[in-house]
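Each residue takes its place number in the sequence, starting with 1.
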Amino acid sequence: PNIRLTKLVSVGRAKLGETISYTVLVSNTGNGVASNLTVRDSISAGLQIVPGSMSISVGSIAAGSPVSIWSIASLPANTSATLRFSAIATQEGILYNTASLSTTHVTVCTTIPVRFCKDEPISAVLNAPAGFSNYQWFLNGNAIPTANTSSYTATIIGEYSIRVNRNQCPSGSCCPIVIELDSVPQFVASVKPPTCVNSQPQANGQLVILNLGSLPTSYSYAIAEGSSFTLTNPTLTAVPTDGIIARNLAGDRPYVVRIYNDLGCFRDVKVDVVANCKCPVDLCMPVIIRKTKSRLQNP
């Protein structure tokens, strides 16, 4: 037998919370039968295996986290076997998945961007494994002068990578560390004015959030009465799917709506809830003129 181990990943770059698919392929390209093969598959921190997603074409699987054991009793010549599963990205940085068979180890990686809020200072400590004789950090493909140790503190956005011993990836895979800015998108706070009863405004004004994208439940909000957001420890509530964040607002006063994303970045929008319950000052009544018959008399 001649055994080959291959590891595949569906994406090299994903978002936090995205599902990533993995495939392990064991091939026997020799002329004899391979027996009693054991494949060890391990995931790094930041990956959560989707329950029930593991499937194999032959053998048995002992699913675990972070390590799963795939046993293949017999693999005939010129045949292959596959293991497939999915995992959810729960952590920013670089996520690894390694398959091992005897002395063969194959690693794949996926980059999950590290996000900082816009206008927030950037400081991210990047660490490479210790024990190598030479280190060089790169930013967007260019070597960073004096960045020649196993650790580097990134202070600007971009793609960071590390090479050790002149031109090697220290982990067996070469995914970059991506640092990017994040912010809450521009949104609209639409006002439905309070109704009136006997010229008195009622406390039933509404605020509706628009233009937050297709997943409004990934955002939360807080509302402060006044011309500025003054709440120090606001209670956050998920933005509902219909976008209505307030139904009982009194009229003739300002409010500030603050929307947060999952990272904690926020954006404020000031709105005025006005109840027009008073009669207009200069109201013109219509005058109807009807022409009647008249007789012209001689002087």
Side-chain angles (χ1 to χ4, degrees), residues 14-19 46 48 50 88-92 112-124 156-157 178-288:
K15 296 180 180 180
L16 197 66
E18 188 172 335
T19 299
Q48 179 180 330
V50 177
I88 299 173
T90 62
Q91 180 176 300
E92 296 175 335
I112 310 298
V114 179
R115 301 171 298 156
F116 285 85
C117 295
K118 188 177 180 181
D119 301 325
E120 177 185 1
I122 296 174
S123 181
I156 61 175
I157 63 173
V178 176
I179 297 177
E180 62 184 22
L181 296 180
D182 196 4
S183 63
V184 175
Q186 295 282 355
F187 65 92
V188 175
S190 177
V191 178
K192 183 179 180 181
T195 59
C196 303
V197 175
N198 297 326
S199 299
Q200 295 298 318
Q202 305 301 297
N204 59 1
Q206 292 186 5
L207 283 177
V208 183
I209 297 301
L210 306 173
N211 298 349
L212 266 183
S214 59
L215 294 174
T217 54
S218 63
Y219 298 93
S220 56
Y221 71 92
I223 302 174
E225 185 176 333
S227 299
S228 61
F229 195 89
T230 57
L231 301 179
T232 55
N233 293 300
T235 300
L236 303 185
T237 305
V239 176
T241 55
D242 60 6
I244 301 176
I245 62 172
R247 301 175 184 270
N248 56 353
L249 297 181
D252 300 327
R253 64 195 64 186
Y255 295 89
V256 175
V257 178
R258 175 169 289 184
I259 300 294
Y260 298 82
N261 65 9
D262 59 340
L263 186 61
C265 308
F266 63 85
R267 185 186 296 273
D268 291 348
V269 168
K270 178 180 174 295
V271 294
D272 292 311
V273 179
V274 178
N276 188 13
C277 296
K278 298 179 181 179
C279 294
V281 176
D282 296 324
L283 181 63
C284 297
M285 298 299 294
V287 176
I288 299 176

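- Between atom CD1 of residue Ile259 and atom CD1 of residue Ile223 there is a gap of 8.0 Å, rounded to the nearest 0.5 Å.
- Within the 4.5 Å cutoff, the side chain of Ile122 has heavy atoms near those of the Ile157 side chain.
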**Study point:** Steps toward side chain to side chain contact (heavy atoms under 4.5 Å, CB included) verdict (Leu236, Tyr260)
**Key:** CA-CA 8 Å; Leu236 303 185; Tyr260 298 82; 3.3 Å; yes

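- The minimum heavy-atom distance linking Val269 with Ala189 is given by the pair CG1-CB, 4.2 Å.
- Using a 4.5 Å heavy-atom cutoff, the side chains of Ile244 and Gln206 are in contact.
- At a threshold of 4.0 Å, the pair Asp119-Arg267 does not count as salt-bridged, since none of the basic side-chain nitrogens sits closer than that to a carboxylate oxygen.
- Here the side chains of Val273 and Pro194 are in contact, with some heavy-atom distance below 4.5 Å.
- Counting non-hydrogen atoms of other residues, nucleotides and ligands closer than 6.0 Å to NZ of Lys118 gives a total of 12 or fewer.
- Side-chain atoms of Ile209 and Leu207, non-hydrogen and from C-beta on, never get closer than 4.5 Å to each other.
- Atom OG of Ser227 and atom CG of Asp272 lie 7.5 Å apart (nearest 0.5 Å).
- For the residue pair Phe116 and Ser123, the shortest heavy atom distance occurs at CZ-O, 3.6 Å.
- For the pair Asn198 (side chain) and Gln200 (backbone), a donor-acceptor distance under 3.5 Å is absent.
- Pro254 places none of its side-chain heavy atoms less than 4.5 Å from the side chain of Glu225.
- Closest heavy-atom contact between Phe229 and Ala224: CD1-CB, 3.7 Å.
- Separating the CZ atom in Phe187 from the CG atom in Asn211 is a distance of 10.0 Å, to the nearest 0.5 Å.
- Using a 4.5 Å cut-off on side-chain heavy atoms (C-beta onward), Ile245 and Val208 make no contact.
- In this structure, Tyr221 and Pro240 approach most closely via the heavy-atom pair CE2-CD, 4.3 Å.
- How far CG of Leu181 is from SG of Cys265: 9.0 Å, rounded to the nearest 0.5 Å.
- Atoms OG1 and CD1, from Thr19 and Ile88 in turn, are 4.5 Å apart once rounded to the nearest 0.5 Å.
- Side chain of Asp252 to main chain of Ala275: a donor-acceptor pair is present (N/O by atom type, distance under 3.5 Å, no hydrogens or angles).
- Between the SG atom of Cys117 and the CZ atom of Phe266 there is a distance of 8.5 Å, given to the nearest 0.5 Å.
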Review point. Given the rule in the side chain to side chain contact (heavy atoms under 4.5 Å, CB included) test, do Val256 and Thr230 qualify, once you have shown the distances and angles that lead to the verdict?
Key: CA-CA 9 Å; Val256 175; Thr230 57; over 6 Å; no

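- By the salt bridge (Lys or Arg N to Asp or Glu O under 4.0 Å) test, Arg115 pairs with Glu92, Asp182, Asp262, sequence neighbours left out.
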